[in-house]
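Data block below; observations after.
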Protein chains: 14
Amino acid sequence: MDPTTLIAIASIITAGLTIGIGGIAPALGEGRAVATALTALAQQPDASATITRTLFVGLAMIESLAIYSFVVSMILIFANPFWNHVIQAAGK
Amino acid sequence: MDPTTLIAIASIITAGLTIGIGGIAPALGEGRAVATALTALAQQPDASATITRTLFVGLAMIESLAIYSFVVSMILIFANPFWNHVIQAAGK
Amino acid sequence: MDPTTLIAIASIITAGLTIGIGGIAPALGEGRAVATALTALAQQPDASATITRTLFVGLAMIESLAIYSFVVSMILIFANPFWNHVIQAAGK
Amino acid sequence: MDPTTLIAIASIITAGLTIGIGGIAPALGEGRAVATALTALAQQPDASATITRTLFVGLAMIESLAIYSFVVSMILIFANPFWNHVIQAAGK
Amino acid sequence: MDPTTLIAIASIITAGLTIGIGGIAPALGEGRAVATALTALAQQPDASATITRTLFVGLAMIESLAIYSFVVSMILIFANPFWNHVIQAAGK
Amino acid sequence: MDPTTLIAIASIITAGLTIGIGGIAPALGEGRAVATALTALAQQPDASATITRTLFVGLAMIESLAIYSFVVSMILIFANPFWNHVIQAAGK
Amino acid sequence: MDPTTLIAIASIITAGLTIGIGGIAPALGEGRAVATALTALAQQPDASATITRTLFVGLAMIESLAIYSFVVSMILIFANPFWNHVIQAAGK
Amino acid sequence: MDPTTLIAIASIITAGLTIGIGGIAPALGEGRAVATALTALAQQPDASATITRTLFVGLAMIESLAIYSFVVSMILIFANPFWNHVIQAAGK
Amino acid sequence: MDPTTLIAIASIITAGLTIGIGGIAPALGEGRAVATALTALAQQPDASATITRTLFVGLAMIESLAIYSFVVSMILIFANPFWNHVIQAAGK
Amino acid sequence: MDPTTLIAIASIITAGLTIGIGGIAPALGEGRAVATALTALAQQPDASATITRTLFVGLAMIESLAIYSFVVSMILIFANPFWNHVIQAAGK
Amino acid sequence: MDPTTLIAIASIITAGLTIGIGGIAPALGEGRAVATALTALAQQPDASATITRTLFVGLAMIESLAIYSFVVSMILIFANPFWNHVIQAAGK
Amino acid sequence: MDPTTLIAIASIITAGLTIGIGGIAPALGEGRAVATALTALAQQPDASATITRTLFVGLAMIESLAIYSFVVSMILIFANPFWNHVIQAAGK
Amino acid sequence: MDPTTLIAIASIITAGLTIGIGGIAPALGEGRAVATALTALAQQPDASATITRTLFVGLAMIESLAIYSFVVSMILIFANPFWNHVIQAAGK
Amino acid sequence: MDPTTLIAIASIITAGLTIGIGGIAPALGEGRAVATALTALAQQPDASATITRTLFVGLAMIESLAIYSFVVSMILIFANPFWNHVIQAAGK
């Protein structure tokens, strides 16, 4: 197996697994945050402004963790320095 | 095994696993969010507008995590740069 | 093992596992949503219209996650671009 | 090992595992839904019509997830395009 | 190892595992449903007709999931198309 | 390793694992059902007839799942079609 | 490795694992049943006859699941048809 | 590796694992039973005779499951039919 | 690798794992029993005699499960029939 | 496989897994923190200033843990000393 | 690899794992026992003599399980009969 | 594979996994600490000074555990004595 | 690979894993004990002397389990009899 | 692979994993201790001196467990007797 193929395979598998695994916990965390937001809203409808604002800040923080994984995944597919090096070195 | 085959196999397996794994947590998170929304509705029917709106924003945020996985999965099947490179290089 | 066989095997195994794994969490999530819907109905029968509507929207959202997996699974069996390429390349 | 054998083995194993794994979560989800339906009935016997109806819709949604797996399993045993291709190619 | 042996082995192992794994969740789900039915009966003896009826419908739905696995298991042992093909091809 | 040996080994291992794994969940499910039956009896001794009857129907349903595994296990040991075929083919 | 040895090894390992695994869940289930029986007795000493009777029927049902595993384990050690066949075939 | 050695190794490992694994669940089950017995005694000291008796019957039932594993373990070490056969066949 | 070495290695590893694994559950079970004994004592100091006695009987039952594993472990180190046979056979 | 390829593959896989795994726990931890913040807000709206401030400090602490992983991941992709050494040594 | 080395390696690894694994459950069990002792003391300070005594007996019982593992571990390092045999046999 | 490559690969993988794994528990622990701090603040706003101070000391203690992992990870990438030795020995 | 190297590697890996694994449960157990001690102190400040004393005895007991692992780990690094034997035998 | 390389690799991997794994439980334990300390403070602000003191002693005990792992990890990187021996023996 030549280097090009190997690096391509590793990049493909890693790209998929990174976003696949990296999205698990944010989804659970956001589900939990949304759930308690709904409970809180039902319990204290008057504080809906504060609750909603805090919820959105929290969701953004949690979403950022999934986006780190997504960024790494995209880098591995479309801006992979190792792949670029090998392609260039092979002069293909 | 020639490079074409290997990259095809890696892409197929990764595409399937990415959406398979990446959809687990969003489903659990959405299930939790919907469940608490229903509890909240039963507890405070008057706040149904706020609850429903917050629920849908939350579901959209969580769904987005599954869509990241789906996008990577689709890229690997239909717009795979490594596959395109190998196909082109092999001149097939 | 020739490329045709290998890609066929990878597609078969991935197709099965994708829907097998991808259906786990939606089933659990829907079970939870339906369960709380029933609890909510028993607790607040008057809000049954809102509860049922919210439940169905939620179930549709969750079901969509399983359908992503099912779509990938079907694509791998019946519209697999890698398989088509290999079949065509092999001139069989 | 010739292609026919390999594809047959992969199909057999995948068919079994797909329905075996794919049936886990629906069974748990349905068990939960039925359990809460019974609790709800005991708690609010007057709403039995609404509860039963919602339960059956929910069970149908969850059952559909197991049926996706069963369909893929049956396709792999009785309508497997890869198997048909190999059988035809081998001219057996 | 000749094809006949390999396919026989794969069928044996898969048949056993399919029903072995496929029966886990229905048993747990039914156990839960029966348990809550008993709790519900103790709590609301007057609704025993509705509870029992709902329980049996639910058990039948859950049992069906185990039966899918059992069917696939039996097909793999006694009506296996791959085995039939190989036996016929080998002219044994 | 000749086919006879291989199929024998696969049958032995699968037979053991099938009943070993297949008996886990029914035992847990029955334990739960019996436990809640006892709780229900302590809570509502007057409904003991209904509770006992429902318990036995439930136990029979759950036991049936273990019996599917036991049946497959026994078939693999004493009425294994693959083994019979190989024994016959080998003319031993 | 000759067939005799292989089948002996497979039988030894399977026999041990079958009873080892197959006894896990019954022990947990019985422990739960006994525990709730004790709780029920403490809560409703007057119903001790009904509780004890139901407990013993339940324990017998659960014990039967472990006995299936024990039977398969004993069959594999002392009445193993594959072993008998191989011993006979080898004429030893 | 000659048959004697292989069967000896398999027997040693299986004997250890069987009792090692087979003792897990009974210990947990007995711990639970004893624990609830103590709770029940503290709650209803007058029923100590019935509670103690039921506890000992329950412990005996659960202990029997560990003893099945111990019996198989001892059989594999001291009365192993496969080992006896091989020793005899090898004429050592 | 000669038989002596292999059996020695298998015995060493199994001896360690048997007591290592076999001691997990008794420790958890005893911890639970002791914990509830303490709770029970705090709740009903007058019944300390009955509680302590029941606790010690229970601990002895659970300890016996760990002792089965310890016995097998010691047998494998100091009274291993397979080792004795091989040592004797090798005439070393 | 030459050193360049091997180090590239190891870097790709590790970079993906590091952020994939390293983001799990922070997401769960932040989800929990946000959830309790919302509960606290609903319970004590007057203390919203203190709660929000404490929440943000806590989120920053937890986020820092994910950022450690992200930093290592980025170093492995864009500032990998081992890769630089090998590239330089190979004089490519 | 000569027998001396192999047995030494097996002894080293097993000795470490035995105490590593064998200490898990006692630590958890003791933690639980101590925790409930503290709760009991806070709840019923007058019974501190009985509670402390029962706690120490229980801790001794649980500690004994870890000591079994420690003993086996020490035997494997400093009084290993297999090692002694091999050293003696090799006449080193 | 030459020593330089092997040590580089081991260092890369270990560096990533160390921080990836080592950050899991601190994140969960900090999430828990922050969560209870928020609950405590909502419950007892007057004690906010003490609570906040204790929280920050606790977070620092927990963060230190992640920093141990981060330090090891950085040492392995930028100050690895084994790597330095090998580089120097190879005279590259 | 010569014996010296192999034993060194086994010792290194085992030493690390022993303390790594062996410290998990004591840390959890101590965390639990400290946590309940704090709860107990908050609930019954007058009994702080007894609580603190019992806590420290309990922590010492649990810490001893981690110290067993640490001792084995140190023995394997600095006083390893197998290593000493091999070094001496090799006359290095 | 020469001994130097192998021991270096084993040391690198073990050093990373030891602190990675060994820090999990202390972090969870400390998180729990801090969390209950905060709850206790909110519940009984007057006992803050005793609570804080007990907390710090407890954190120190738990932290010591992580430090054992860190010490082993540092020994393996910077004061590894096996590495020193091999370096010296190889005369490099």
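Heavy-atom minimum distance, Pro3(E) versus Asp2(D): CG-OD1, 3.7 Å. Taking every heavy atom of both residues into account, Gly16(D) and Val72(E) meet most closely at CA-CG1, 4.2 Å. Taking all atoms of both residues into account, the shortest heavy-atom contact from Ile21(E) to Gly20(D) is CG2-O, 3.8 Å. Closest of all the heavy-atom pairs between Leu65(E) and Pro26(D) is CD1-C, 3.7 Å.
When heavy atoms are compared at a cutoff of 4.5 Å, Asn80(E) approaches chain D solely by way of its side chain, counted from C-beta outward. Only the side chain of Ile75(E) comes within less than 4.5 Å of a heavy atom of chain D; its backbone N, CA, C and O stay farther away. The contact between Val57(E) and chain D is made entirely by side chain atoms (from C-beta outward), counting heavy-atom distances below 4.5 Å. Both the backbone and the side chain of Ser11(E) come within contact range of chain D, judged by heavy atoms closer than 4.5 Å.
With rounding to the nearest 0.5 angstrom, the CG atom of Leu38(D) is 6.0 Å from the CG atom of Leu55(E).
Heavy-atom pairs under 4.5 Å with chain D were tallied for Glu63(E), Gln44(E), Arg53(E); the largest tally goes to Gln44(E). Top candidate by heavy-atom pairs under 4.5 Å with chain D, chosen from Leu17(E), Ile13(E), Thr36(E), is Thr36(E). Interface remark: of the candidates Thr52(D), Val34(D), Ile12(D), Ile12(D) forms the most heavy-atom pairs closer than 4.5 Å to chain E.
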